[in-house]
Novice: 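Starting off with a structure, shown below.
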Amino acid sequence: MEKDRFYASVYEAIQEVPYGKVTTYGHIARLIGRPEYPRGVGTALKNLPSDANLRFNESSVPWQRVVNAKGSISPRGPGSQRRQADALGQEGVEVSQDAMGEYSVNFGEYGWFPELLPSEEAEMAQEQES
DNA sequence: GTTTTGACTAGCT
DNA sequence: AAGCTAGCCAAAA
């Protein structure tokens, strides 16, 4: 199904976000060729399986490295924001919390926004050979 | 089945 | 500058 391919693309793209860096839902959407559907990236993450036997699951996909365009951790279930903030802190990403309780990261220091996925660059290089 | 919600965002007020 | 809208479409209701 098309949606499954979309999910897989989302997970694959997120796996290329480097340790200690963060990117946005919108950026992932653009990287996989669906610039108009950043919301789908969020949906895919919401449905990320916990089952360790599956190819894509909570430990194989660095879900914590995805934040919203404002640089903050998107609100969802209670405690979930805190969990993500902790996960990021674990890998050296500073997460600050404002008076409103909103967690955010500094893109200048931690942002990761390539034009192409590293894997795609590799393919491009491959084609150059002759 | 149909309708509403929502890990979103760029563009307008 | 803070808030609203349209567009998006899978999930949940």
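Chain letters run A, B, ... following the sequence lines, proteins first and then strands; every chain starts at 1.
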Novice: When we call it a touch if two heavy atoms are under 4.0 Å apart, what does A:G40 touch: a base, just sugar-phosphate, or nothing?
Specialist: nothing
Novice: Answer yes or no: is there an ion pair linking A:R65 with A:E91, defined by an N-O contact shorter than 4.0 Å?
Specialist: yes
Novice: Can you tell me how far P of B:dG6 sits from OH of A:Y25, to the nearest Å?
Specialist: 15 Å
Novice: Less than 4.5 Å apart, any side-chain heavy atom of A:D98 and any of A:Y103?
Specialist: no
Novice: Which is true for A:R83 with a 4.0 Å heavy-atom rule: it touches a base, it touches only sugar-phosphate, or it touches nothing?
Specialist: nothing
Novice: Could you pick out which residue, A:N47 or A:P38, lies toward the 5' side of DNA chain C when each is mapped onto its nearest nucleotide?
Specialist: A:P38
Novice: Give a yes or no answer on whether the side chain of A:T23 reaches the backbone of A:F113 with a donor-acceptor pair at less than 3.5 Å.
Specialist: no
Novice: Are A:L88 and A:L48 in one and the same hydrophobic cluster, where Ile, Leu, Val, Met, Phe, Trp and Tyr link if side-chain heavy atoms are under 4.5 Å apart?
Specialist: no
Novice: On DNA chain C, compare the nucleotides closest to A:R39 and A:T43; which residue's is nearer the 5' end?
Specialist: A:R39
Novice: Honestly curious: do A:L117 and A:Y7 fall in one hydrophobic cluster under the side-chain, below-4.5 Å linking rule?
Specialist: yes
Novice: If only side-chain N and O atoms of A:R34 are considered, is one of them under 4.0 Å from the OP1 or OP2 phosphate oxygen of B:dT9?
Specialist: no
Novice: Whole Å only: how far is the CD atom of A:E36 from the C1' atom of B:dT9?
Specialist: 12 Å
Novice: What does A:K3 touch in the nucleic acid at a heavy-atom separation under 4.0 angstrom: a base, only the sugar-phosphate, or nothing?
Specialist: sugar-phosphate
Novice: Cut-off 3.5 Å, no hydrogens considered: what does the side-chain donor-acceptor table look like for residues 50-57 of chain A, sequence neighbours left out?
Specialist:
| residue | atom | partner | partner atom | Å |
| --- | --- | --- | --- | --- |
| A:D51 | OD1 | A:N53 | N | 2.8 |
| A:D51 | OD1 | A:N53 | ND2 | 3.4 |
| A:R55 | NH2 | A:E12 | OE2 | 3.3 |
| A:N57 | OD1 | A:S59 | N | 2.7 |
| A:N57 | OD1 | A:S59 | OG | 2.8 |
| A:N57 | OD1 | A:S60 | N | 3.1 |
| A:N57 | ND2 | A:L54 | O | 3.1 |

Novice: Of all nucleotides in DNA chain C with an atom under 4.0 Å from a non-hydrogen atom of chain A, which is the first and which the last going 5' to 3'?
Specialist: C:dG7 to C:dA11
Novice: Counting any heavy atom closer than 4.0 Å, what does A:S80 reach on the DNA or RNA strands: base, sugar-phosphate only, or nothing?
Specialist: nothing
Novice: Rounded off to whole Å, could you give me the CD1-to-C1' distance for the A:I73 and B:dG6 pair?
Specialist: 18 Å
